Amino acid sequence: MKPVLYYDDVSPPVRSVLLTIAALDINDKINLSWIHLFGAAHLKEDFVKINPLHTVPVLQHEDLVLTDSHAILVYLCDIFGTDSNFSLENPKQRAKVLNRLCFNNSIFFARDAELMRKFFHRQITDVSEHLKPVEEAIDFLEIYLSDTTFVACDELTVADFSIVATLSTLESVCPIEESRWPKVHDWYGRMRQLPYYHEANQVGLDKLRDKLNSILLK
């Protein structure tokens, strides 16, 4: 059976998975099932039975159900990426990637999610008063990129997909200024040049920005 990805590309974690699927060139090996977040499809009984957390992405592969994007990225590399540049078979390479995925999970995306939650709950009137935590997280990323070409090492890895999905979302409210974050700015530019970036990340990002703008204009 093909793995099934439950998704909505407005979600940054979902977009990280879509970037990985595109990079591994396995679009024909994954079945996609759209869960309309803004239509509350993630709260429907059938989906909650699959994922009690009622979040996306979810990857279901036979009797395995993964409900965290970072775990999904690693699993896809293990199943489909062993003969590719995205292999995580080397223990040190794997540890580096996992370290950055943990950074995204516990700090970077956590701060992005908190900020977006405030927007969608209409708790923000002046965004500048809420940017310090995410700016600090981008400061951390700038330090990481001082040592390596990409976020985990000198080669592109799935950690880059996870973090660029978060960063591009934050850019909607926090411009990535080259003067403050030159290395992040350069890396972000290179990520946007990937041939699959637009379809896998920008399309869903634009949908999210449209929804965000509609809230800000009210």
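Given the structure is predicted, the values throughout are model-derived calculations rather than measurements.
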When rounded to the nearest 0.5 angstrom, what is the spacing between CG in Leu212 and OG in Ser172?
6.0 Å
Side-chain heavy atoms under 4.5 angstrom apart, residues restricted to Ile, Leu, Val, Met, Phe, Trp, Tyr: same cluster for Met1 and Leu64?
no
I need the Thr149 OG1 to Trp187 CH2 distance, nearest 0.5 Å.
13.0 Å
Could you please spell out the steps behind the side chain to side chain contact (heavy atoms under 4.5 Å, CB included) verdict for Leu145 and Val184?
CA-CA 7 Å; Leu145 286 166; Val184 173; 3.9 Å; yes
Is the shortest side-chain heavy-atom distance between Ile21 and Leu76 below 4.5 Å?
yes
Check the angle between the aromatic planes of Trp34 and His36 and answer parallel, tilted or perpendicular using the 30° and 60° thresholds.
parallel
Sub-6.0 Å ring centroid separation between Phe161 and Phe86:
yes
Using a 4.5 Å cut-off on heavy atoms from C-beta on, say whether the side chain of Leu53 contacts that of Asp68.
no
Judged by atom type as modelled, is there a donor-acceptor pair below 3.5 Å linking the side chain of Thr20 to the main-chain atoms of Ser16?
yes
Sub-4.5 Å side-chain heavy-atom contact between Leu208 and Asp206
no
Same hydrophobic cluster for Val65 and Val14, using side-chain heavy-atom links shorter than 4.5 Å among ILVMFWY?
yes
Test salt bridge (Lys or Arg N to Asp or Glu O under 4.0 Å) on Arg111 and Glu114 and set out the steps.
CA-CA 5 Å; Arg111 297 185 185 189; Glu114 178 62 22; over 6 Å; no
Side-chain contact test, heavy atoms from C-beta onward, threshold under 4.5 Å: evaluate it for Val158 versus Val97 and give yes or no.
yes
Heavy atoms only: give me the nearest Pro57-Val17 pair and the separation to one decimal.
CG-CG2, 4.0 Å
Reported CD1-to-CG distance for the pair Ile72 and Leu59, which is rounded to 0.5 angstrom
5.0 Å
Counting only heavy atoms from other residues, nucleotides and ligands, does the tally under 6.0 Å from CD of Glu171 exceed 12?
yes
Tell me the closest heavy-atom pair linking Thr169 and Ala165, and the distance in Å.
OG1-O, 2.8 Å
For atom NZ of Lys44, is the number of surrounding heavy atoms from other residues, nucleotides or ligands below 6.0 Å larger than 12?
no
Where Leu37 and His42 come nearest, the two heavy atoms and their spacing:
O-CE1, 3.3 Å
Lys207, Gln202, Arg15 screened by side chain to side chain donor-acceptor pair (under 3.5 Å) with Asp9, the one that passes
Lys207
Within a strict 4.5 Å, meaning less than it, do heavy atoms of the Ile138 and Cys174 side chains meet?
yes
Can Asn51 and Thr55 be said to form a side chain to side chain donor-acceptor pair (under 3.5 Å), step by step?
CA-CA 7 Å; Asn51 179 16; Thr55 58; 3.1 Å; yes
Starting at CG of Asp139, measure out to CG of Leu141 and round the result to the nearest 0.5 Å.
9.5 Å
Does the side chain of Val58 reach to within under 4.5 Å of the side chain of Leu5, using non-hydrogen atoms?
no
Mind checking whether Leu205 and Val56 sit in one hydrophobic cluster, side chains of I, L, V, M, F, W, Y counted as touching below 4.5 Å?
no
Is it true that, when you exclude His61 itself, more than 12 heavy atoms of the residues, nucleotides or ligands shown sit nearer than 6.0 Å to its NE2?
yes
Test of understanding: clusters of I, L, V, M, F, W, Y form through side-chain heavy atoms closer than 4.5 Å, transitively. Do Tyr6 and Val203 belong to the same one?
no
Using a cut-off of 6.0 Å, state whether more than 12 heavy atoms not belonging to Asn90 lie near its atom CG.
yes
Could you tell me whether the side chain of Asp160 and the main chain of Val151 form a donor-acceptor pair under 3.5 Å?
yes
Does Arg192 make a cation-pi contact with Tyr188, if we ask for NZ or CZ under 6.0 Å from the ring centre and within 45° of the axis?
yes
Is the backbone of Lys183 close enough, under 3.5 Å, to the side chain of Glu142 for a donor and an acceptor to pair up by distance?
yes
Can any side-chain N or O of Asp154 pair as donor or acceptor with the backbone N or O of Thr148 at less than 3.5 Å?
no
Show the numbers, then the answer: is there a side chain to side chain contact (heavy atoms under 4.5 Å, CB included) between Arg94 and Val74?
CA-CA 9 Å; Arg94 188 182 190 89; Val74 173; 3.3 Å; yes
Cation-pi check for Phe80 against Lys29: NZ or CZ below 6.0 Å from the six-membered ring centre and within 45 degrees of the axis, yes or no?
no
Is it true that Glu136 and Lys132 make a salt bridge, defined as a side-chain N closer than 4.0 Å to a carboxylate O?
no
Give the minimum heavy-atom separation between Lys96 and Cys153, together with the two atoms involved.
CD-CB, 4.4 Å
Heavy-atom count check: over 12 atoms from other residues, nucleotides or ligands less than 6.0 Å from Asp83 CG?
no
Rounded to the nearest 0.5 Å, the CG atom of Leu19 sits from the OG atom of Ser162 at a distance of 10.0 Å
Sub-4.5 Å side-chain heavy-atom contact between Asn201 and Ser168
yes
Take Glu89 and Thr82, measure what side chain to side chain contact (heavy atoms under 4.5 Å, CB included) needs, and give me the verdict at the end.
CA-CA 7 Å; Glu89 292 184 322; Thr82 53; 3.8 Å; yes
Atom pair OG (Ser33) and CD1 (Ile50), whose distance is rounded to the nearest 0.5 Å:
7.5 Å
What heavy-atom pair brings Lys211 and Phe120 nearest, and what distance separates the two atoms?
CG-CE2, 3.7 Å
Correct closest heavy-atom pair for Pro12 and Asp112 would be CG-OD2, 4.1 Å
Under 4.5 Å between any side-chain heavy atoms of Val173 and Phe119, yes or no?
yes
Main-chain N/O of Phe108 paired to Asn104 side chain as donor or acceptor, under 3.5 Å
no
Relative to the ring of Tyr144, is the ring of Phe103 parallel (under 30°), tilted (30 to 60°) or perpendicular (over 60°)?
perpendicular
I want to check a possible cation-pi pair here: Arg190 against Phe150, using under 6.0 Å from ring centre and within 45° of the ring axis as the test.
yes
Spell out, yes or no, whether Phe38 and Leu115 are grouped together once hydrophobic residues are joined by side-chain heavy atoms under 4.5 Å, including indirect joins.
yes
When you look at His130 and Lys118, which way does the side chain to side chain contact (heavy atoms under 4.5 Å, CB included) test go after all the steps?
CA-CA 9 Å; His130 300 266; Lys118 289 177 180 178; 3.7 Å; yes
